[in-house]
J.: 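Please see the structure below; I have some questions.
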Amino acid sequence: MRDPRPKPPCLIAQGLIAQISISYPMTKLKSDFLNILSERGFLHQCSDMEALDKEAAAGKLIAYVGYDCTAPSLHVGSLISIMMLAWLQKTGGKPIVLMGGGTTRVGDPSGKDETRQLRTVAEIDANKDAMKQVFSRFLQFGSGKTEAIMVDNAEWLAPLNYIDFLRDVGRHFSVNRMLTMDSAKMRLEREQELSFIEFNYMLLQAYDYVELSRRYGCNLQMGGSDQWGNIVTGIDLGRRMGVKDHLLALTCPLLTTASGAKMGKTASGAVWLNEAQLSAYDYWQYWRNTEDADVIRFMKLFTMMPTDEIQQYEGVAGAEINHAKQVLATHATALVHGRMAASNAADTARQMFEQGARTQGLPTVEIEGEKLEKGLGLLEALVKAGLAATNSEARRHIVAGGIRLNGEQVHNDKSVLNMSHIQTDGALLLSLGKKKHVLLKPV
RNA sequence: GGAGAGGUGCCCGAGUGGUUAAAGGGGACGGACUGUAAAUCCGUUGGCUAUGCCUACGCUGGUUCGAAACCAGCCCUCUCCA
């Protein structure tokens, strides 16, 4: 689509985050919402900063973020947008959590190298149900003015009729323009396939925005910077389809660590928010291992710590930065798993790493007592504990000197575990490297 | 529909009949050093009941003592043409 409007003055080039604070010094922002977001480093691009500030100050923001149901849990990558919704609610706006029950059936090509396999509807629905729970930790749901609501775009997308949709919505889209958008351009440049179904994703997301605006008066869509194209397309579509509200777009930067790695990926996969996918202890560990250079930035983004408190940690080093990481981990974990779980994780880690003492708080795996009495091969035990994917991998870890049993390095890959290895706490401890520990408990 | 190029391990990418479980790089993991950080250095990186066996270079067959490599058919991607 052509955009007939002159570009809003605040529309900054991608990647030039710093410009926001230059062109919009904090004193000029009237709303708490934008002041907080700006101060904490959430802002990347905005379609009309002045209008957004005005609406926010007047308490008239109704904003949505869409989440596709591609996995049984959200992960750290989605956390930043959840935080934006939480801040919105705290500052008098109304958050809408949009579950992509419909759009996930199509698949978003944005930022993806290649087509992902289509998911079954049953899988999508199961994912959706599992994903929901985490939002209640961050948002107050209800029907009040600032209470959050959750909707599923399958509600209006699933019943769409193809011909009607083409005539009502499709005619507003220019393929010429769509091909120039980042999501499509990347595939085209890399000579990778972009299937028609994915190509349609943009239309559906644009239509979502229109529908949410009609149904709930939604006037702001937020998301990661990779969503910019989809979001402004929605704004455009809204104008063409006669939406009266002034629709707005706001994106946050796509986060990488100071050394350039994508946020939220570890060896064992994504950093999931649901306990079922990743224990609170491991979640705490993820944040504990933050790089020095990221601590302050992450405190601002992933905790609700007041900024003056965060400032105390600015520029610290050595033992102090280590302490700061613990504070970060505990605050971040408390948001997702609750205060209890967070402080338990912190205690467990303190005992394990600082005192070298094992505790019951470590991830625990149950094994058959009978098997242990007969003698359980170390390789099998490591696989059972989840410390190795296969016997061969377990063997390699042992040979490399990465495995410890009750704190003692093991060198023999033929070692056998039995009841004599059980310690007074009724379990035995297997460790991989310095950081991964699992208690094996006979049942 | 026609012509050409291509499909190799988690990713990129070399290999065009025989020590090829497949060079090199990236990533990841382990070790050393540290602060549970970063950087650096070293090692590992298909599976198994393991001096051997099985699986693997898009799929299916074929040629051969022997195939990722040669042949045929099919599938998929890209480029140009219609």
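All chains are named by letter (A, B, ...) in the order of the sequence lines, taking the proteins before the strands, and each is independently numbered beginning at 1. When reading the values below, keep in mind they use all heavy atoms of this one structure, side chains included, and skip hydrogens, waters and symmetry mates.
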J.: For the pair S47(A) (side chain) and A249(A) (backbone), establish whether a donor and an acceptor sit closer than 3.5 Å, ignoring hydrogens and angles.
T.: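 Side chain of S47(A) to backbone of A249(A), a donor-acceptor pair under 3.5 Å: yes, one is there.
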J.: In whole angstroms, how far is the P atom of A37(B) from the CG atom of D294(A)?
T.: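 So the CG-P distance, D294(A) to A37(B), works out to 14 Å.
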J.: Expected output check: what is the dot-bracket annotation of RNA chain B, where ( ) and [ ] are pairs inside the strand (brackets for crossing ones), | is paired with another strand, and pairs are Watson-Crick or G-U under 3.5 Å?
T.: ((((((((.[[[..)..(.....]]]((((((.......))))))(((...)))...[[[[[..)....]]]]]))))))).
J.: Verify, without hydrogens or angle tests, whether N161(A) (side chain) and I163(A) (backbone) share a donor-acceptor contact under 3.5 angstrom.
T.: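 Checking the backbone N and O of I163(A) against the side chain of N161(A), a donor-acceptor pair under 3.5 Å is found.
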J.: Which whole number of Å gives the distance between the C1' atom of C65(B) and that of G17(B)?
T.: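 12 Å, rounded to whole Å.
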J.: Mind checking if T390(A) touches a base, just sugar-phosphate, or nothing, with heavy atoms under 4.0 Å?
T.: sugar-phosphate
J.: Can the ring centroids of F298(A) and W287(A) be said to lie less than 6.0 angstrom from one another?
T.: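 Between W287(A) and F298(A), which both carry aromatic rings, the centre distance is below 6.0 Å.
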J.: Considering every strand and a 4.0 Å limit on heavy-atom distances, what is the contact class for I403(A): base, sugar-phosphate, or nothing?
T.: nothing
J.: Taking the nucleotide of RNA chain B with the closest heavy atom to each, which residue, Q409(A) or K434(A), is nearer the 5' end?
T.: Q409(A)
J.: Describe the nucleic acid contact of R396(A) in one word from base, sugar-phosphate, nothing, applying a heavy-atom distance below 4.0 Å.
T.: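 Contact class for R396(A): sugar-phosphate only.
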J.: Select base, sugar-phosphate, or nothing to describe what N391(A) touches, counting heavy atoms under 4.0 Å on all strands.
T.: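 The answer is sugar-phosphate, as N391(A) gets under 4.0 Å only of primed atoms, P, OP1 or OP2.
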J.: Checking contacts here: which listed nucleotide (U36(B), G47(B), G30(B)) is nearest the side-chain heavy atoms of L432(A)?
T.: G30(B)
J.: Just by distance, do the side chain of D152(A) and the backbone of G101(A) share a donor-acceptor pair under 3.5 Å?
T.: yes
J.: Main chain of Q326(A), side chain of T330(A): is a donor-acceptor contact present, judged purely on distance under 3.5 Å?
T.: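 Yes, because the side chain of T330(A) sits within donor-acceptor range (under 3.5 Å) of the backbone of Q326(A).
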J.: In this structure, is the centre-to-centre distance between the rings of F135(A) and F141(A) below 6.0 Å?
T.: no
J.: Any base atoms under 4.0 Å from A349(A), or only sugar-phosphate, or nothing? Heavy atoms, all strands.
T.: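 Touches a base.
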J.: Is the backbone of A293(A) close enough, under 3.5 Å, to the side chain of R297(A) for a donor and an acceptor to pair up by distance?
T.: no
J.: Please state the P separation for the pair A39(B) and G30(B) - nearest whole angstrom.
T.: 15 Å
J.: How long is the line joining CD1 of I398(A) and P of U44(B), in whole Å?
T.: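 Spelled out: CD1 on I398(A) to P on U44(B) is 17 Å.
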J.: In whole angstrom, what separates R288(A)'s CZ from A38(B)'s P?
T.: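 Distance check: R288(A) CZ to A38(B) P gives 11 Å.
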J.: Just the rounded figure in Å: distance from P of U36(B) to NZ of K436(A).
T.: 16 Å
J.: Ring-plane angle category for Y283(A) and H337(A), please: parallel below 30°, perpendicular beyond 60°, tilted otherwise.
T.: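 Geometry flag for H337(A) against Y283(A): perpendicular rings.
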J.: Would you mind telling me which residue lines up with the more 5' stretch of RNA chain B, A319(A) or S392(A), judged by nearest nucleotide?
T.: A319(A)
J.: Under 3.5 Å, is there any donor-acceptor pair linking the side chain of E393(A) to the base of U45(B)?
T.: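 Not at all, since no donor on one side and acceptor on the other fall under 3.5 Å apart.
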J.: Specify the separation, in whole Å, of atom NZ of K435(A) and atom C1' of U34(B).
T.: 11 Å
J.: Starting at atom CD of E291(A), determine the distance to atom C1' of G35(B), rounded to an integer number of angstrom.
T.: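 Nearest whole value for this atom pair: 14 Å.
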J.: In whole angstroms, how far is the C1' atom of A28(B) from the CG atom of L387(A)?
T.: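 Atom-to-atom, L387(A) to A28(B), this comes out as 16 Å.
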J.: Taking atom P of G31(B) as reference, at what distance in whole Å does atom CZ of R404(A) sit?
T.: 7 Å
J.: What is the nucleic acid contact for W284(A), judged by heavy atoms within less than 4.0 Å: base, sugar-phosphate only, or nothing?
T.: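 Base, at least one base atom sits under 4.0 Å.
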